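Here the structure comes first, spelled out in structure tokens, and everything after it is commentary.
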Amino acid sequence: MLQLIYPLEKFIPHDCFKDVFSIDYNKLYENGKRIILMDIDNTLIPYDIALPTPEIRALLENIQKIGFRIILISNNCLARVRAFTEPLGLEFVEKAFKPFGRGYRRALKMASPHGTGEIVAVGDQLMTDVLGGNRFGIDVILVKPLKKRSEKWYTKFNRLNENHVLKRLKKKYPEVHEKIARVNDGT
Ligand SMILES: [Mg+2]
């Protein structure tokens, strides 16, 4: 129902890619970004996997080598988030309640003295990651969800609302809709 409260523009990602490996992190750094708020579930790993894969581990290490600080921000519980982040030694915010303020306020405090202009968020959901980032003036990169089948009921509910938003985007911002659709089709 969030799509009835917030203007459609708050659901528009800054950019979108088919996965986290396709993002040009060097370019983000050149553009002044220093902190990455990274979603976990269906962005880095599917819901039915607990630990970082070797590919994800290598990617996150490379991102850090560029000079980024990575803060993992997840709506999932402490046990799940800790199991994933501990082997990586990364900072995290669990039970973030994206798109609401709790997790973002914690993350922004951790990111300080870097402000919202130097932060970029990455996630797979319009209703949580994109809306949440936009509410705080953070650029958000949308990626295609890794595996929709294993999503929890509340994410499935979000997807229904997301489809509603996508229909409205198609009408009002056809170029945005096309870009998201192209990523989701994997073309
Ligand atoms: Mg997610």
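Remember, predicted model here, so these are calculated numbers, not experimental data. Numbering of ligands and ligand atoms starts at 1, following listing order. The residues of the chain are indexed from 1 along the displayed sequence.
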Salt bridge (Lys or Arg N to Asp or Glu O under 4.0 Å): pairs with one or both residues in residues 100-113, sequence neighbours excluded: Glu94-Arg106
Between NE2 on residue His164 and CG on residue Leu169, distance to nearest 0.5 Å: 10.5 Å
Salt bridge (Lys or Arg N to Asp or Glu O under 4.0 Å) contacts in which one or both residues fall within residues 121-139, not counting sequence neighbours: Lys33-Asp139, Lys98-Asp129, Asp124-Arg159
Tally, protein N/O/S atoms nearer to the Mg ion (ligand 1) than 2.8 Å: 3
Those residues that, when tested against Leu108, pass side chain to side chain contact (heavy atoms under 4.5 Å, CB included) (two or more places apart): Thr116, Ile119, Phe136, Ile138
Side-chain (Asn134) to main-chain (Lys10) donor-acceptor, under 3.5 angstrom: yes
Heavy-atom donor-acceptor pair, Arg80 side chain to Ser74 backbone, under 3.5 Å: no
